[in-house]
Amino acid sequence: MEKWLRSESVSKLADALLPVFAALAALAVGALMLLVLGANPFEAFGALLDGAFGSANSLADTVVKATPLLLIGLGICISFRGNVINIGGEGQMIIGALLATALGLAFPDWPGIVMIPLAMLAGFVGGAFWGGIPGALKAYFNVNEILSTIMMNAIAVQLMNFLLSGPMIDPVQAAKASQIPQTARLSTSFDLPRLIPTRLHLGAGIAVLLAILVYILLWRTTIGYRIRAVGQNRFASRYAGIDVKRQIVLALLLSGAFAGLAGAIQVFGINHRMITDGSATGFTGNAGFNGIVAALFGQLNPIGTIPAAFFFGALLVGANKLQRVMQVPSALITTINGLVVVFVVSSEKWRKTREQKRLTDMMAEIDGDPPPNPEKAVKEVGS
Amino acid sequence: MSDSQLLPTGQKKINHLEMIEISKFFPGVIANNRVNFDVKAGEVHALLGENGAGKSTLMKVLYGLYPPEEGAIKLDGEQVVIGSPVDSIGLGIGMIHQHFMLVESLTVAENVALGLASTRGPLTDLDIVSQRIQELSEIYGLQVDPKALIWQLSVGQQQRVEIIKALYRGAALLILDEPTAVLTPQEVDEFFLTMRKMMDDGHALIFISHKLHEVLDISHRISVLRDGHMIGTIPVEGATKEKLAEMMVGREIGLKKERVSNEKSEKKLILKNISAQSDRGTPALKGIDLEVYSGEILGVAGVSGNGQKELAEVITGLRNVTSGQVVLEDEDVTGLSPKELINRSLSYIPEERMRDGMIKEFTVAENLILREYDQLPFANNGFLNLKNISTHSDEMIKSFNVKTPSQETTVKSLSGGNIQKLVLARELFRKPRTLIAAQPTRGLDIGAMEYVHLRLLEQREEGTATILISEDLDEILALSDRIAVIFEGEIMGIIDREEATTERLGLMMAGVVE
């Protein structure tokens, strides 16, 4: 076993597949839970798969669910690579959606070909603004971004509740006693084009295209170089002549922008109006948080985030069917979701340790002088 | 040496430890080839060798981190098997690693107790541990407060904690892996006092160092490893720096450099009455005046922490001045950003290379463009030119002889010497007109040090104005044209190299004004 693992190509392949194995292990634990609940795990996962991929419609729903996860995940790739922790995806998504919706409501007569790109841009700008505020607070006043982005989520929800029950309320609802806090339906000419006769809309295509662009941004441009440099070592970045504060703002700004775009796409592609149940989840479906998970599952690589978002989209859609068929609580899916996160994040740590060990061994071979690696040494002493 | 078979710590002495015909192979490399090594109670046995000579491997075999392929280890005549550090610690062997194994957020006592069973079962016994730490520090003069948090301690104090940790675990034989590399000269003196005390009490000490004068100062016997072979073990009597260097490298090393005398031409860099603050906001530089000419190396000697770091950062734009003026090539550059100074052909080899000079998670290739990542030929219109970056990396790796598996390897996997070569490659490739080199050879072995020196002299001949900041007086004397001595943020004087002696510089470094 040990010898087999030492072969480098095998070892690298194993590392690449590690998140998949981790996800399978998480599902295995989920199966145990299903057993405890008295459900047959094979039937249950069968239902889940069927729900997620069983028909053109269900597959389309999976992709639709995955789209905001991917977009937010892309923003997370940027901010986390810049060592800025953006927990504000929910709020940024809401603000992007509000701005895009407001634009769509204000000019209902514009042709779709003009409005749709402008609305997407509005979502992008709205999210960027909402992400840029905590970015500037962190860069120039050293305010912890985890706190400020969470706070900004709360503000965004209240702003949404206020606007949808007042200034932006559907005139029809305003006249009724029910006063449901929602906007009017956007002009049907603004609906994102559907790709095939399902709920699948153009948003998914935009998201995949952007994933490629974000990859290029991070690894092929000087902007990406700067963000990654600041994320890894601020001292050396200053030494390299990089304006560190500006990169921190930029990382959060871009991260927010992708969340805002996700919000605009959610409105123009699916809901065609904004409606609130008073919570953020009512609109976002937790995409602001699940996007973080997708990005981490994709190892903070924009391309890797594509299948990761798809996987979580499938879990979400399949869960509905699972719940219906097996009569198990939907909380179970949240649990399995959580298990996947725990397993994948742990396996990531393991993968990094293995990678470092491989490099250290390689260096010992060519140099005879292992690198300074306190982590490894501590482990040795402890063993 | 006392005749008792017990050390003052109550531990039994290790009278004689022998490593016999030890061989250790790595795939494709023979790290140790039938190496014999021994150490006795009450002696310091120095182990010398270049990076990659097999010193670390040999010591890791002794400490139980690597199993040897061949050979035996005998302790007081009896063969022992050391399969892990648990075994070696049990036998009374302790190791002080070059990079400390301390948890920064815990106290001294907590670090010492870490990994040991408490006498109170699940509850901690830190008061008992603290008491024992006090006893040990009194015996060996290792002053340290058991309640202090590690991050608050200086490097020298942290090292004392490491030694106490080993003694606490009953070490009778200590492996000291380059213990002085991180210490200031004063701390080295204190450390040697501790070593002598341990030696007198009957501890057996193995001392690994690159610094020949230290080895000659403290050791009884000196062994030299080269390419995995034991070249020889000689008594300190009759050993000289030149002889040891030759044994290590396998050829004669010119410790003194031949240098061409350059006509002083133009003033490149002028510092006028510069004052600046340290990170803590205390005055670090107090009215510094310096001038550097092209084709000249101006040595700045001084004990670390007297304003050298701030001086380098002020010149390179990383730190603001509180008053004064920096003039580079007849232009006032005070307050310009690091970026603008990079563009004025100023190179900087920072003292803390892993913190300031390298992004350790970045690849070799990415680090080699750190200072010019957005300029031609590495980038155009905001897009990186990966092909040019890759070609450049290959050239740099080759011409600076960097040992790395590939240019895609992350820098954190490389050894200190190779990392410093990368910094040099990056800073010198630009053919800088002005160069600030801070402690450029700290932690390097003799071969690498010689290499750095040659490169610096090469730059000098090409007309670069260099400020060489170093604590190593041998280095300062070997390379500088003029020597400025810095003490508590002030220049104590500037003297020509011909007039400089170690004694005179030493006095100035201690703050004695001439």
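All figures in this text were calculated on a predicted structure; none of them were measured in a lab. Naming: A, B, ... by sequence-line order, numbering from 1 per chain. The figures here come from the full heavy-atom set of this structure, side chains too, leaving out hydrogens, waters and symmetry mates.
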Pair Phe362(B) + Tyr225(A): ring centers closer than 6.0 Å: yes
Pair Phe343(A) + Phe21(A): ring centers closer than 6.0 Å: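 Ring-ring flag for Phe343(A)/Phe21(A): false, centres at least 6.0 Å apart.
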Test item: Leu48(B) and Leu225(B) side chains (from C-beta on) under 4.5 Å apart, heavy atoms: no
Student check: side-chain heavy atoms of Lys360(B) and Met354(B) closer than 4.5 Å: yes
Electrostatic pair Asp356(B):Arg234(A) at N-O distance under 4.0 angstrom: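 No, Asp356(B) and Arg234(A) are not salt-bridged.
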Test: Lys309(B) and Glu351(B) ion pair at under 4.0 Å: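 Result for this pair is no, no salt bridge flagged.
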Proximity breakdown for [X] and chain A, heavy-atom pairs closer than 4.5 Å:
{"X": "Glu313(B)", "answer": "neither"}
{"X": "Leu318(B)", "answer": "both"}
{"X": "Ala31(B)", "answer": "neither"}

Close approach to chain B in residues 293-303 of chain A, criterion heavy atom under 4.5 Å: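 Listed by number: none.
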Row check, Phe400(B) ring normal vs Lys421(B) NZ/CZ: under 6.0 Å, within 45°: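 That pair does not qualify as a cation-pi contact.
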Phe235(A) six-ring face occupied by Arg355(B) cation (under 6.0 Å, within 45°):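 Yes, Arg355(B) sits over the ring of Phe235(A).
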Side chain / backbone / both / neither for Arg228(A) at chain B, heavy atoms under 4.5 Å: both
Part of Leu217(A) within contact of chain B (heavy atom distance under 4.5 Å): neither
